[in-house]
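Some notes on the structure that comes next.
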Amino acid sequence: MSEPKVREMTPEARRKVRAFLMTVPALAVLALVLLAPLVIVVARSVTEPQPGLENYRWFFATPVNLTVLARTFKVAFWVTLLCVVVAYPYAFAMSVAGRKLRLLLILCVLVPFWVSGVVRTFAWVILLQDSGLINKTLLAMGFEKIRLIRTQTGVTIGMVQILLPFMIMPLYSVMRGIDLRLLLAARSLGARPVASFFQIYLPLSLPGVFAGATIVFILALGFYITPLLLGGASSTLLSTLIQQQVLSLLNWGHGGAMGVVLLAATFGGLLIAAPLMRRRYPVTGGER
Amino acid sequence: MTRTLGRIALALVCFLIALWLVAPTLVIIPISFSETQSLAFPPTGFSWKWYANIFDNRAWSRSLVTSVEIGLIVAAVATVLGTMAALGLERLKNRLGGTIRLLLLTPVVMPGVVLAVGIYAVYLNLHLTGTWTGYVLAHTLLALPFVVIAVSANLSVFDARLEVAAASLGASRLTVLRTVTVPLIAPGILSGALFAFVTSFDEVIVSLFITSAQLKTLPVQIYASMTRDTDPTVAAIGTLTLVVTTVLIGAGLLFSLSRGRK
């Protein structure tokens, strides 16, 4: 039925229509299992049990919810910060290593991916439990036992290890493109190594830091399985609350409002971070 | 002098980070051979019984087979849809194309539970909970971004003039696609398919919501077992997947190394 119309179009326009049509099947899947679910979540948050913003009022008026929301942000922040600190030297080593060593380092980043996330969380349970490897080592070294499982610390340790590859890879891809001769040039002009790092290398690597940090932060905000299995009642995150509202309490209105809050945090984070990733950071000192 | 010191410090730090990345996962290997039903480390005794349990216990064997089957279907569906979309987007370099590309990537950043709750609501209406179609649709959504990224990365280094050349020699659009484009972007399609399979095989959050007693995927079964009791069968399954992926990736590496030497 649209055939005659297509024939009237210029070849260029026809090419565009054909190209668009190729994306339609994928978009149809998107509409059914992404768009429709989101619409339902948002709709229920403002219609159940009655139309209005009652569910949002409830969310922001209940202290427990605000505590959990703050905790979710706090955990995501610490996980991101730790990931940056740990990933930076590693990605740097990857970018300057020889071919074989680099392959080995990349392999170490990818190995965790060979086993599913649930199984990796299972491994952390083995390590973190009260009679686990970490506590046994601490005891053997003459230290006190520390409680790790069902605590915030335990959840953070597990999350950092699981999310680290998402920080290392973007950082590495940016660092690989940095011309190390710039550092040599700075050195030959009399800059001290520390100065040349902070004034030249760090600014050039910042887009990678922001790209990785954004992904890690967003994924950490929505983390579900690891906090559930490694954490306890005192380390509940927003995702768990949503699941409780919907599956245990069958309160779709409350669950929907919480979901919208989490979505807003996620996409707000993306909007703030997007320009930071694209910006070029000025290399300070020297000629302008 | 300070340079060598710096290098040694960097090497040491990297060694520790690499250890931290890899070692935690490896503790499942000794646990999988434990003789007792406990997760105490180091385990006592030696036995194969947790491996036998994967195949003897119907809950484990069925969920493993289900996950492999769903993973293969998702890999096929997501690869076809994702490759088509990537090909379309490559020719649609305008505002609309940019928007569509962004849309196709959103599943990656969606908070899992929000998506799961929404999909659960839709599936309750359409009676799709606990069905093959339900799993395949949801997993395909989550796998699509990886296929689009992998194929697009391959397309961006692909010389489009080859297609023009083939067309100018009289090849039809379908022939160009079949004999020129697809073979040249095959590595991207293949890695996309692999990512799609892994995404489906590992997916747990949405699956937990749409699962049923009759049709359960492996991650759901693992999760249920972890919340119920301590079962080293999880370690056995994990070790098994680790061995299979190591062999597959090792073979792939050897293959690409031997080809690279030519």
Side-chain angles (χ1 to χ4, degrees), chain A residues 15-16 19-23 25-27 29-30 32-34 36-38 40-41 44 86 89-90 92-93 105 108-109 111-120 122-127 129 131-133 136 161 164 218 221-222 224-225 229 239 242-243 246-247 252 255 259 262-263 266 270, chain B residues 10-11 13-14 17-18 20-22 24-25 27-28 31 39-41 81-82 84-85 87-89 91-92 96 100 103-104 106-107 109-115 117-122 137-138 140-141 144 198 201-202 204-205 209 219 222-223 226-227 234-235 237-238 241-242 245-246 249:
Chain A
R15 245 167 41 90
K16 288 262 143 78
F20 171 73
L21 287 179
M22 290 180 77
T23 67
L27 288 177
V29 173
L30 220 65
L32 185 67
V33 266
L34 181 75
L38 283 185
I40 291 199
V41 169
R44 293 205 175 160
V86 175
Y90 194 86
F92 176 73
L105 290 172
C108 287
V109 176
V111 163
F113 278 123
W114 299 0
V115 177
S116 79
V118 198
V119 174
R120 267 181 288 159
F122 175 81
W124 276 111
V125 173
I126 296 172
L127 290 172
Q129 60 190 332
S131 58
L133 199 55
K136 277 201 177 138
Q161 193 246 357
L164 202 53
I218 282 172
L221 274 185
Y224 176 63
I225 295 294
L229 291 174
S239 291
I242 297 176
Q243 178 260 355
V246 171
L247 287 191
W252 285 88
L262 184 53
L263 272 180
T266 304
L270 263 183
Chain B
L10 182 66
V13 167
C14 286
I17 297 172
W20 188 50
L21 276 165
V22 176
T25 312
V27 300
I28 59 170
I31 293 286
L39 303 183
F41 197 93
L81 297 192
M84 276 176 68
L87 285 169
L89 288 174
R91 295 163 174 76
L92 205 64
L96 177 69
I100 294 177
L103 274 177
L104 285 174
T106 35
V109 296
M110 280 290 290
V113 169
V114 179
L115 189 64
V117 166
I119 290 179
Y120 180 53
V122 171
L137 270 174
T140 300
L141 171 82
L144 269 175
V198 171
F201 194 74
D202 285 353
V204 58
I205 304 180
F209 278 77
I222 294 177
Y223 177 85
M226 280 178 74
T227 49
V234 178
I237 291 252
T241 40
L242 191 64
T245 32
T246 307
I249 293 179

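Naming convention: chains lettered A, B, ... in sequence-line order (proteins, then strands); numbering from 1 in each chain.
In this pair, B/W20 and A/W124 present their aromatic rings perpendicular. The plane angle is above 60°, beyond the 30 to 60° band.
Residues A/L38 and B/M110 form a side-chain contact, since some pair of their non-hydrogen atoms from C-beta on lies under 4.5 Å apart. Between A/L262 and B/V113, every side-chain heavy-atom pair lies at or beyond the 4.5 Å cut-off. By the 4.5 Å heavy-atom criterion applied to side chains, A/I225 and B/I205 are counted as neighbours. Contact of the B/L21 side chain with the A/V111 side chain is not registered, since no non-hydrogen atoms from C-beta on lie closer than 4.5 Å. A/Q243 is not listed as a side-chain neighbour of B/V117, based on a closest heavy-atom distance of 4.5 Å or more.
Residue contact with chain B, scored on non-hydrogen atoms closer than 4.5 Å, involves the side chain of A/K136 exclusively. At a 4.5 Å heavy-atom cutoff, B/F201 makes no contact with chain A through either its backbone or its side chain. At a 4.5 Å heavy-atom cutoff, the contact between B/L39 and chain A is made by backbone and side-chain atoms alike. Contact of B/L104 with chain A is made through backbone and side chain together, with heavy-atom distances under 4.5 Å. When heavy atoms are compared at a cutoff of 4.5 Å, B/A235 approaches chain A by way of both its backbone and its side chain. If you measure heavy-atom distances from B/L96 to chain A, the contacts under 4.5 Å come from the side chain alone. Only the side chain of B/L144 comes within less than 4.5 Å of a heavy atom of chain A; its backbone N, CA, C and O stay farther away. Heavy atoms closer than 4.5 Å to chain B are found in both the backbone and the side chain of A/S239. With a threshold of 4.5 angstrom between heavy atoms, B/V204 approaches chain A through side-chain atoms but not through N, CA, C or O.
No other option in B/I222, B/V13, B/T227, B/L81 has as many heavy-atom pairs under 4.5 Å with chain A as B/L81. Among the candidates B/L89, B/V109, B/L87, B/L242, the residue making the largest number of heavy-atom pairs closer than 4.5 Å to chain A is B/V109. When B/G238, B/A138, B/G82, B/A121 are compared by the number of non-hydrogen pairs under 4.5 Å with chain A, B/A121 comes out ahead. The residue among A/V246, A/V118, A/L270 with the most heavy atom pairs within less than 4.5 Å of chain B is A/V118. Contacts with chain A were tallied for B/V198, B/T140, B/I31; B/I31 has the most, counting heavy-atom pairs under 4.5 Å. Taking B/I17, B/V22, B/I237 one by one and counting their heavy-atom pairs under 4.5 Å with chain A, the maximum is reached by B/I17. Most heavy-atom pairs under 4.5 Å with chain B, from the set A/V125, A/L105, A/L21, A/L27: that is A/L27. Ranked by non-hydrogen atom pairs under 4.5 Å with chain A, the options B/T241, B/T106, B/I100 are led by B/I100. Heavy-atom pairs under 4.5 Å with chain B were tallied for A/L221, A/I218, A/L34, A/L32; the largest tally goes to A/L34. Between chain B and the residues A/P25, A/S131, A/G255, the most heavy-atom pairs under 4.5 angstrom are made by A/P25. Annotation: maximal heavy-atom pairing with chain B below 4.5 Å, among A/P89, A/G222, A/A36, occurs at A/P89.
To the nearest 0.5 Å, atoms CZ (A/F122) and OG1 (B/T25) are separated by 12.5 Å. A/T23 OG1 to B/R91 CZ: the interatomic distance, rounded to the nearest 0.5 Å, is 12.5 Å.
The main-chain N or O of B/P24 is never found under 3.5 Å from a side-chain atom of A/Q161 such that the two would form a donor-acceptor pair.
Between A/P37 and B/G118, the shortest heavy-atom contact is CB-C, 3.3 Å. Among all heavy-atom pairs drawn from A/A123 and B/I28, the shortest one is CB-CG2, 3.9 Å. Looking at every heavy atom in both residues, A/L30 comes nearest to B/L103 through CD2-O, 3.6 Å. Taking all atoms of both residues into account, the shortest heavy-atom contact from B/L10 to A/A93 is CD2-CB, 4.1 Å. Nearest approach of B/V27 to A/L127, heavy atoms of both residues: CG1-CD2, 3.6 Å. Here the closest heavy-atom approach between residue B/Y120 and residue A/L247 is recorded as CE2-CD2, 3.7 Å.
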